[in-house]
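Heads up: the structure comes next, in structure tokens.
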Amino acid sequence: MVFWVFGYGSLVWNPGFDYDEKIIGFIKDYRRVFDLACIDHRGTPENPARTCTLEQKEGEICWGAAYCVRGGPEKEKLAMQYLERRECEYDQKTLVNFYKEGDSMHPALTGVIVFTSTPDKENNKYYLGPAPLHDMARQIATAYGPCGNNRDYLFFLEKAMYDIGHEDDLVIELANEVRKVLGTANVRPKDKILVGSAQLQHPPHVAIPTLQPIALDR
């Protein structure tokens with residue numbers, strides 16, 4: 001079983017498993033939202049983090065990275081077991097078409113796995129649902145779990161989307177609101193990117209802080 005999996009959150013910058021190929025691209029009719037609770041990586045049951053999931057919406061696209069795992073049943077089994085543990089708050093595995101930049105009509109890949117969550121609090125205990133921007137920012141600014149704090153998850157995602165050349169307006173808006181809560185900056189100018197409270201000038205490349213290889217980081 002050779003499989004491809006699409007990453008749109010922490011998988012974009014920290015896949016954490018052994019893969020054979022990575023392609024930058026997008027899927028259609030989905031958008032990234034911060035409506036899912038995380039209680040064991042970036043938050044706790046008492047103070048859950050907000051992490052991203054996908055919301056179906058016709059006409060939207062979501063950029064990210066597709067990873068291919070091949071090389072025999074054992075390697076593929078280990079990768080999928082790792083992903084299922086890491087993405088335990090996501091209650092669905094959906095198959096989608098994946099497109100590369102420059103050809104939005106013909107999928108580069110079909111049957112790509114993406115971890116998604118049912119947008120229903122009764123059927124998915126981890127689903128938080130939408131909230132006002134400031135409320136989400138306050139939650140993200142304060143949540144902390146075994147793998148680190150929630151705000152770094154958001155700031156790393158902001159940087160990762162910049163690095164692949166496809167920034168997400170919601171990610172930028174939410175990250176700026178978190179900075180306001182933290183008192184580190186009011187807005188992120190278009191010619192700069194902020195990781196936490198540090199302003200990193202572009203175009204020179206500045207690497208994000210090295211993430212330690214935590215097995216279930218998210």
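Between Leu174 and Leu133, some side-chain heavy-atom pair lies under the 4.5 Å cut-off. Within the 4.5 Å cutoff, side-chain heavy atoms of Thr53 are placed close to those of Val33. Side-chain contact check for Ile27 versus Ile61: every heavy-atom pair is 4.5 Å or farther apart. Looking only at side-chain heavy atoms (C-beta outward), Val114 and Leu54 come within less than 4.5 Å of each other. The side-chain heavy atoms of Thr44 and Ile39, taken from C-beta on, include no pair separated by under 4.5 Å. Inter-residue side-chain proximity for Pro119 and Gln56 is flagged as unmet; no heavy-atom pair is nearer than 4.5 Å. Contact annotation: the side chain of Met80 never approaches that of Val5 to less than 4.5 Å [non-hydrogen atoms, C-beta and beyond].
Side-chain N or O atoms of Lys100 include none that pairs as donor or acceptor with a backbone N or O of Ile23 at under 3.5 Å. Panel note: side chain Arg31, backbone Gly59; no donor-acceptor pair is recorded below 3.5 Å. Between the side chain of Arg42 and the backbone N or O of Asn149 there is at least one donor-acceptor pair closer than 3.5 Å. Remark: the backbone N or O of Ser104 is paired with a side-chain donor or acceptor of Lys28 at under 3.5 angstrom.
Pairing each heavy atom of Phe34 with each of Arg50, the nearest pair is O-NH1, 2.7 Å. Among all heavy-atom pairs drawn from Phe6 and Cys62, the shortest one is CZ-O, 3.4 Å. Smallest separation of non-hydrogen atoms from Ile24 and Ala65: CD1-CB, 4.0 Å. For the pair Gly9 and Cys52, the tightest heavy-atom approach, listed with the atom from each and the gap, is CA-SG, 3.7 Å. Heavy atoms only, all atoms of each residue included: Ala141 and Val181 are closest at CB-CG1, 3.8 Å. Considering every non-hydrogen atom in both Ile140 and Val178, the closest pair reads CG2-CG2, 3.9 Å.
Here the straight-line distance linking atom CD of Glu55 with atom CG of Asp29 works out to 12.0 Å at 0.5 Å rounding. Of the inter-residue distances, the one linking Trp4 atom CH2 with Asp20 atom CG reads 9.0 Å to the nearest 0.5 angstrom. Rounded to the nearest 0.5 Å, atoms OG1 (Thr142) and CG (Asn47) are 5.0 Å apart. Rounded to the nearest 0.5 angstrom, Lys125 NZ and Asp91 CG are separated by 11.0 Å. Here the CZ-CD distance, from Phe17 to Gln81, works out to 13.5 Å after rounding to the nearest 0.5 Å. A distance of 12.0 Å separates OG of Ser117 from CG of Asn123, quoted to the nearest 0.5 Å.
The aromatic rings of Tyr67 and Tyr19 sit perpendicular, their planes meeting at an angle over 60°, well past the 30° parallel limit.
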Practice task
List the steps and the verdict of side chain to side chain contact (heavy atoms under 4.5 Å, CB included) for Ser10 and Tyr153.
Solution key: CA-CA 7 Å; Ser10 62; Tyr153 169 93; 4.0 Å; yes

Handout entry: Steps toward side chain to side chain contact (heavy atoms under 4.5 Å, CB included) verdict (Val96, Tyr30)
Key = CA-CA 10 Å; Val96 297; Tyr30 287 94; 4.0 Å; yes

Problem - Derivation and outcome, side chain to side chain contact (heavy atoms under 4.5 Å, CB included), residues Tyr144 and Asn150 - result: CA-CA 6 Å; Tyr144 184 90; Asn150 197 181; over 6 Å; no

Handout entry: Evaluation steps, side chain to side chain contact (heavy atoms under 4.5 Å, CB included), between Ile113 and Leu83
Key = CA-CA 11 Å; Ile113 299 167; Leu83 286 166; over 6 Å; no

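The number of heavy-atom neighbours closer than 6.0 Å to NZ of Lys77, taken from other residues, nucleotides and ligands shown, is 12 or below. Dense packing is recorded around CD of Glu21, with more than 12 heavy atoms of other residues, nucleotides or ligands lying under 6.0 Å away.
Placement of Phe98 and Phe115 within a single hydrophobic cluster is found when ILVMFWY residues are connected by side-chain heavy-atom separations under 4.5 Å, directly or transitively. By the criterion of side-chain heavy atoms lying less than 4.5 angstrom apart, applied directly or through intervening Ile, Leu, Val, Met, Phe, Trp or Tyr residues, Leu170 is not grouped with Tyr127; the two fall into different hydrophobic clusters.
With respect to Arg32 and Asp168, a salt bridge is recorded, a charged nitrogen being found less than 4.0 Å from a carboxylate O. Ion pairing between Glu87 and Lys93 fails under the 4.0 Å rule for side-chain N and carboxylate O. In summary, Arg179 and Glu158 engage in a salt bridge, as defined by a charged side-chain N under 4.0 Å from a carboxylate O.
Checked against Glu89 for a side-chain contact (heavy atoms from CB on, under 4.5 Å), the options Asn124, Thr51, Asp40 give a single hit: Asp40. Under the ring pair (Phe, Tyr, Trp, His ring centres under 6.0 Å) test applied with His166, the options Tyr8, Phe26, Trp63 reduce to a single match, Trp63.
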